[in-house]
Amino acid sequence: MVDRTLTAFGRIDALLNIAGAVPQIDLFEMTDEAWDAGLALKLHGARRLTVAAWPALRQAKGSVVLISGNSAEFPKAPYAAVGAINAAIVALAKAFSDRGIADGVQVNSVLPGPVLTGRRRSYLEKWAPAHGMSVEEATASFPQQAGITRYGEAEDIAELMAFLVSPGAKWMTGSAVRMDGGEVKSI
């Protein structure tokens, strides 16, 4: 991917590291294989891609944004792998940002809350009937139950990421920026 990008554009100014979903499996039900698959996809994938792109990012004085998730700040048993891997992503971003100070590469992480994506819709399609609701009812009631203003939209996260790689955020590095509609109430 890095080689194709450099061939097509000659440089890499920003890397937005958005790996796929880690299964939401109970702490005591998760197999080693599912745990390892989550690590390989999100954590190892983020590290490998960032390392591969680093020389070009260093040359361009570029930026990296790693997507984590707000479960990094409040891990729960049903989402043990998700929370642990998201916390590791935040730590990885901080380590890269420390290296980036010397190399001129800015690195931050974003911790989104519930975003209404295809994955979230699939989850609601399974959850709603098990709780005696239609998918529409479950979708409408979740924000209030979760104590958030509304579901996030992909555009919300994209705009934050665009800001983090813009000149306006150049003094920001090593930051873990939560954008979750108020779901996490900690200070």
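Below, each value reflects all heavy atoms present in this structure, side chains not excepted, and no hydrogens, waters or symmetry copies.
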Qualifying residue, where the test is side chain to side chain contact (heavy atoms under 4.5 Å, CB included) with L57 and the options are V2, D103, L15, V107 = L15

Shortest non-hydrogen separation from [X] to [Y] and the atoms involved:
| X | Y | answer |
| --- | --- | --- |
| V51 | P55 | O-CD, 3.6 Å |
| L41 | A19 | O-CB, 3.6 Å |
| M30 | A34 | CG-CB, 4.0 Å |
| S134 | A128 | O-CB, 3.5 Å |

Indicate yes or no: at least one non-hydrogen side-chain atom of T50 is less than 4.5 angstrom from one of R99.
-> no

Under 3.5 Å: donor-acceptor pair, side chain of Q106, backbone of A169 | yes

For [X], check salt bridge (charged side-chain N to carboxylate O under 4.0 Å, His left out) against everything at least two apart and list the hits.
| X | value |
| --- | --- |
| E183 | none |
| R120 | none |
| R121 | none |

Got a sec, which hydrophobics cluster with M179, joining ILVMFWY side chains under 4.5 Å apart, including via others?
-> L16, I18, V65, I67, V110, V115, I157, L160, M161, F163, L164, V165, M172, V177

Are more than 12 heavy atoms from other residues, nucleotides or ligands located less than 6.0 Å from atom [atom1] of [X]?
| X | atom1 | result |
| --- | --- | --- |
| Q145 | CD | yes |
| K61 | NZ | yes |
| K185 | NZ | yes |

Check step by step if side chain to side chain contact (heavy atoms under 4.5 Å, CB included) holds for S186 and R178.
-> CA-CA 11 Å; S186 65; R178 185 181 340 115; 3.9 Å; yes

As an exercise, state the distance from [atom1] of [X] to [atom2] of [Y], rounded to the nearest 0.5 Å.
| X | Y | atom1 | atom2 | result |
| --- | --- | --- | --- | --- |
| L111 | S175 | CG | OG | 11.0 Å |
| S68 | N17 | OG | CG | 11.5 Å |
| M133 | T139 | CE | OG1 | 10.0 Å |
| I148 | D180 | CD1 | CG | 8.0 Å |

Listed partners of W35 passing ring pair (Phe, Tyr, Trp, His ring centres under 6.0 Å), at least two apart = none

Could you check E137 against S141 for side chain to side chain contact (heavy atoms under 4.5 Å, CB included), going step by step and ending with a plain yes or no?
-> CA-CA 6 Å; E137 290 169 324; S141 68; 5.7 Å; no

Answer yes if L6 and V64 sit in the same cluster of Ile, Leu, Val, Met, Phe, Trp and Tyr residues linked by side chain heavy atoms under 4.5 Å apart, and no otherwise.
-> yes

Is there a path from L66 to M1 through hydrophobic residues (I, L, V, M, F, W, Y) whose side chains come within less than 4.5 Å of each other?
-> yes

Name each donor-acceptor pair under 3.5 Å that joins a side chain in residues 85-94 to protein atoms two or more places apart or in another chain, with its distance.
residue, atom, partner, partner atom, Å
N86, OD1, K42, NZ, 2.7
N86, ND2, S71, OG, 2.8
N86, ND2, V82, O, 3.3
K94, NZ, G174, O, 2.6

Going through the checks in order, is the side chain to side chain contact (heavy atoms under 4.5 Å, CB included) test met by E153 and Y151?
-> CA-CA 7 Å; E153 298 174 7; Y151 273 110; over 6 Å; no

